[in-house]
Amino acid sequence: MNALAPFLIPLDVDPQAAPDPRHILKLLPRPVLIIGSDGVIIYANQASELSLNAVTGRGVSELFPSYHADLVRNGSYTTLLRSNRGDFFEAVFAPLDEQQYVIDLRPCIEAPATHPQDNFDELTGLVKRNSLLSHLSCALDGGQASSSVAIHCLDLDRFKMVNDTLGHSVGDLLLKKVADRLKAACRPDDVVARLGGDEFVVLQHDVEHTAAAETLAARMCDLIGRTYVINGNTINIGTSVGIAIGADPSIQASDLLRNGDLALYEAKKAGRGRFRIFEPGMDALLLQRREMEIDLRRALALKQFKLNYQPFVNVVTNRVDGFEALLRWEHPVNGNIPPLSFISLAEENGLIVKIGEWVMRTACIEAMSWPQESVVAVNVSPLQFKADTLLETVASALNRSGLPAHRLEIEITEGALLDDTDNVIQTLNALRNLGVKISMDDFGTGYSSLSYLQKFPFNKIKIDRSFVAGSGADSEAILRSIASLGTSLGMAITAEGVETAEQMARIRGERCTHAQGYLTGRPMSMDQIPAFLAENNLKEGAL
Amino acid sequence: MADGIYRLIYYSRNHIARDEGAFATDIEEILEKSRANNRRDKITGALLFNGGCFAQVLEGPLSKLEAAFERIQQDERHGDVSVLALDQIDHRSFPNWAMSFIGISDVHGKRFAGIGVSSGFDPARLGGDAIYLLLKELAIEEEDAA
Ligand SMILES: Cc1cc2nc3c(=O)[nH]c(=O)nc-3n(C[C@H](O)[C@H](O)[C@H](O)COP(=O)(O)O)c2cc1C
């Protein structure tokens, strides 16, 4: 026992007994906190109550404005924290378990001489997170009511691809150039930080109007998006920017950063190379998405997915040639959730691969029970190609169901051909060798590069509904040229979204071979198919 | 990496004000700076301008070329910079020009008609090769005339 021992033992305790560790902790002369992974204080000892005003239930970030949730994610380590009273502490973070962390705080008598290497990112020379946060706290503390600061959170689009294809040394040079361009876009008193990887944050001072922040964000999107030349390679990347404006003096540095991150998330969702300003609703949106993600993860196991089938009709014979399988999510509380609201989420978190496998298996099995040998068309997400299991999934779905390969049609969008085209084409060829048909879905909406049609002999092109519905001369011209190009390449042409007899007459005139839409049949459940086919066969006879 | 000689060709959209006087000063300034920097960096080439667009050929040691291009990229006086070509070369095509300049009002203006563009030269319609050949020819004539 050291000399402190007698001092630590309260008088009412038997001096002969071993001291209770909880008492030691409580009376330890320096602050110790235990926090949950959400940053809320679960335990505060006496010294922390006195010197930091720590209270259980408060967030640590209230005590240490520069505290950031990342601090508790990286196992145990030491960092420097400055309390809201201006005192410095050497803080040792140690995980108790996955949910709880001990923070041992040793007061620094003097303000520490900062080590430049701790504050600056070696590669780019930009400041790091800690330093950014202290700049930000200062700006928020000292801010006069008239001028606000803006936080711009950025990350780079396609950076990973550069690293993967050209190597890390080129990736590093690229990060340096990005850093240079960011500095060039900012004023000298703005702070540009690199938080790691391809994540950057800019702290903009004296933002009098939202417009000033928007101007800077637009400038950064433009500059970062311009071509780079590195080691003889021309490189194109982009950036998205999330902006959070700190106009309210009560806002915490870490909250502002989080808001910037939320806005960045929204910006990326809107498409690449954009910026978005944080709006209060964004937390709720993200929360909603998180909840949906949790539900989505369970949906497969709980058998909440169903397939509906929409017929497509051969416009020459008027026969139903087949059905496109459409995914339905029957949520027990929220009812039917349309694919548009959850597919992008499933793509984001990779669940789409598992869901896609289920769709493929189920569609093949269900098609086997149809009264006639119609084709079943199944959509495949670009991410399923990336997962590299598509061929196997299709082969085993055919095998297990006994569905002949020529009755399966796989629909891909142009998105699938965008990256890694050679690999995708290889997979497509392998699928075709199985005997499966391949069609190009939603043609005309994306990049619509006609060269894609040349790269792979699709069996069919599905022309997007917008060209079918649009009665303008443009839509018509586009419809006509895609159809005639497709037919000359020997591809079948489906017009999607055919709703009226007039549209039907028009697409017939434009050499479309198939129609799909409300006019020829709405999506229906599995058990409605026999009746639908029976009725359709009658009609066909009548024609 | 051995610093071989490379040729970079790009075109870009002019962002400088339309006002003729201010514009002439800006161009003068760009050329003056370019010539000084390029001489230092052993970069040669030609810059073509028509009011709407710039097209430029830059030749020099790769590292210097990349540094110069990065400065040019960050220049707010133009935008939408499209790199048309970046190749290693054996010989410079503009050995005597730190930056030759060819404007539309040039005596050579008639040549633009020759390549089939009547309503103003638009480099966007030309490939890197065509721009390169055009600039090379014009620069050589300029040199002869000097
Ligand atoms: C169309 C255009 C062409 C340019 N060409 C060159 C060039 O060949 N060499 C160069 O050093 N700067 C060139 N510049 C200027 C650069 O953008 C930049 O202003 C200059 O290199 C900065 O030099 P400094 O860092 O020495 O001040 C050009 C600018 C424009 C708009």
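Proteins come first, then strands; the chains are lettered A, B, ... in the order of their sequence lines, and each starts at number 1. Note that this is a predicted model, so its numbers are computed, not measured.
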Colleague: OG of S63(B) to CD1 of I230(A): how many Å apart, nearest 0.5 Å?
Modeller: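 Interatomic distance, S63(B) OG to I230(A) CD1, rounded to 0.5 Å: 13.0 Å.
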Colleague: Could you grab the distance from atom CD1 of I72(B) to atom CZ of R226(A), nearest 0.5 Å is fine?
Modeller: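 If I round to the nearest 0.5 Å, the distance is 11.5 Å.
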Colleague: Flag yes if more than 12 heavy atoms outside K176(A) fall under 6.0 Å of its NZ atom; otherwise flag no.
Modeller: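 For K176(A), atom NZ is not crowded (no more than 12 foreign heavy atoms under 6.0 Å).
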Colleague: Just wondering, more than 12 heavy atoms not from K183(A) lying within 6.0 Å of its NZ?
Modeller: yes
Colleague: Return the minimal non-hydrogen interatomic distance between E66(B) and G232(A), and the atom names on each side.
Modeller: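 Taking every non-hydrogen atom into account, OE2-N, 2.7 Å.
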Colleague: Looking at every non-hydrogen atom in both residues, tell me the closest pair between R181(A) and E70(B) and how far apart they are.
Modeller: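 Looks like NE-OE2, 2.5 Å.
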Colleague: Could I get the full list of side-chain hydrogen bond (donor to acceptor under 3.5 Å, both in side chains) partners for R276(A), not counting sequence neighbours?
Modeller: none
Colleague: Is L65(B) close to chain A through its backbone or its side chain, or both, or neither, when contacts mean heavy atoms under 4.5 Å?
Modeller: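 Neither part.
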Colleague: Could you check T227(A), V229(A), N233(A) and say which one makes a side chain to side chain contact (heavy atoms under 4.5 Å, CB included) with L86(B)?
Modeller: V229(A)
Colleague: Of the backbone (N, CA, C, O) and the side chain (C-beta and beyond), which part of D180(A) lies under 4.5 Å from a heavy atom of chain B, both, or neither?
Modeller: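 Contact with chain B involves both backbone and side-chain atoms of D180(A).
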